Protein chains: 2
Amino acid sequence: MYICPMYSSELIKGTLKTIVLNLLKEKGKMYGYEITQKVKELTEGKIQITEGALYPTLHSLEQNGELETEKEYIGKRVRKYYKLTKQGHVTAAERINEFAGFMNTMKFLLDLEPKMG
Amino acid sequence: MYICPMYSSELIKGTLKTIVLNLLKEKGKMYGYEITQKVKELTEGKIQITEGALYPTLHSLEQNGELETEKEYIGKRVRKYYKLTKQGHVTAAERINEFAGFMNTMKFLLDLEPKMG
DNA sequence: TGGAAATACATAAATATCTTATGTATATTT
DNA sequence: AAATATACATAAGATATTTATGTATTTCCA
């Protein structure tokens, strides 16, 4: 059975915040582990966010005022739900917009016709 | 007069090798400084490759057998032209292909409909 | 004609981001 | 009962890039 390979970590670098902000914008609130699973599921395993990368990023976004948290107990186990602050919504929109522009630029750059220029 | 802003360096991260390999595939041979200027020109300043990032990358691609060099003298000043090796052509195609897939995945991930899932 | 800007290379220290490894603990499945 | 999944967290190491610095030649223009 064929397993679709992950994208190189080099490419994924730099997109983590954009992914997280966008997911929270769409879903309202999510907890860390849920984010890792959702991204894996939505990308069919092609993008896998490690917890070692995600948790520090969530903490940093929170400290920066983009996210706020709310704890929930499932039995004895804690979940930390994250959601966008007002400022976080602005940042999310900016990031997504910037990424869309970046993709267009890269598409143009990589679709160059031979011998052109 | 409006100056279109650069993309955040976070986003550009990880795409440098892909950009360089693709440009060399299209142009045949280029020297370092020429690459920085060409990328700036083609992207209207939205992507600017710094020499501090480019030269180490070119050296590393050369050491890895993806690129080979040829010196040319313009008066007393040297230019180091880089071109793809046979292996470099394979790697270039792989990288470009991978990036195209990555863009599709990201597009899907960021175009999520509200409340879906 | 002389100084600024552009061309052309290079490397190193500092910074940022991510991977890999490790740790703790609870809940579920087999 | 043991293995796996859930759920958090942090730290050491790896990697890639920015920023700073250095050298030298050539072109532009005032």
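Letters A, B, ... are given to chains in the order of the sequence lines, protein chains preceding strands, and every chain is numbered from 1. All of these numbers come straight from a predicted model, not from anything done at the bench.
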- Item | 4.5 Å side-chain heavy-atom contact, A:M6 and A:K46 | no
- Rounded to whole angstroms, how far apart are NZ on A:K76 and P on D:dA5? 23 Å
- Once you round it to whole Å, what is the distance between C1' of C:dT19 and CD1 of A:I47? 16 Å
- Strand DNA chain D as a dot-bracket string - pairs counted if Watson-Crick or G-U with both distances under 3.5 Å, | where the partner lies in another strand: ||||||||||||||||||||||||||||||
- Query: B:L16 has an atom CG; how far is it from atom P of D:dT15, in whole Å?
  - Reply: 17 Å
- Message: Using the rule given for side chain to side chain contact (heavy atoms under 4.5 Å, CB included), can you reason through A:K80 versus A:L58, listing the C-alpha separation, both sets of side-chain angles and the distance that settles it, and then say yes or no?
- Response: CA-CA 10 Å; A:K80 257 174 93 176; A:L58 288 172; over 6 Å; no
- From CD1 of B:I12 across to C1' of C:dT17 the rounded distance in Å is 15 Å
- Query: Can you name the one residue among A:Y73, A:Y81, A:Y55 that meets ring-ring contact (aromatic ring centres under 6.0 Å, His included) with A:Y31?
  - Reply: A:Y81
- Heavy-atom side-chain contact between A:F102 and B:I47 under 4.5 Å: yes
- Query: In whole angstrom, what separates B:I49's CD1 from D:dT19's P?
  - Reply: 15 Å
- Is there a donor-acceptor pair under 3.5 Å between the side chain of B:N22 and the backbone N or O of A:L109? yes
- Query: Which residue, B:T15, B:N104, B:I19, forms the side chain to side chain contact (heavy atoms under 4.5 Å, CB included) with B:F99?
  - Reply: B:T15
- What are the residues of residues 89-103 of chain A, sorted by number, that bring a heavy atom to within less than 4.0 Å of DNA chain D? none
- Sidechain-backbone polar pair: B:Y82 side chain, B:E62 backbone, donor-acceptor under 3.5 Å: no
- Measure the distance from NZ on A:K13 to P on C:dT20 and round it to the nearest whole Å. 10 Å
- Task: For each nucleotide in nucleotides 1-12 of chain C, reading 5' to 3', give B when a protein heavy atom comes within less than 4.0 Å of its base, S when such contact involves only the sugar-phosphate, and - otherwise.
- Result: -----BBSBBB-
- Nearest-Å distance for atom pair CD/P, residues A:Q48 and C:dT19: 10 Å
- Query: At what distance, to the nearest 0.5 angstrom, does CD of A:Q48 lie from OG1 of A:T36?
  - Reply: 9.0 Å
- Task: Specify the separation, in whole Å, of atom CG of A:L54 and atom P of D:dT6.
- Result: 15 Å
- Going by an N to O cut-off under 4.0 Å, is there a salt bridge joining B:K38 and B:E41? yes
- Query: Which value, rounded to the nearest 0.5 Å, describes the distance between B:M106 atom CE and A:T18 atom OG1?
  - Reply: 6.0 Å
- Item | Step-by-step side chain to side chain contact (heavy atoms under 4.5 Å, CB included) determination, B:L84 to B:L67 | CA-CA 5 Å; B:L84 296 178; B:L67 302 182; 3.6 Å; yes
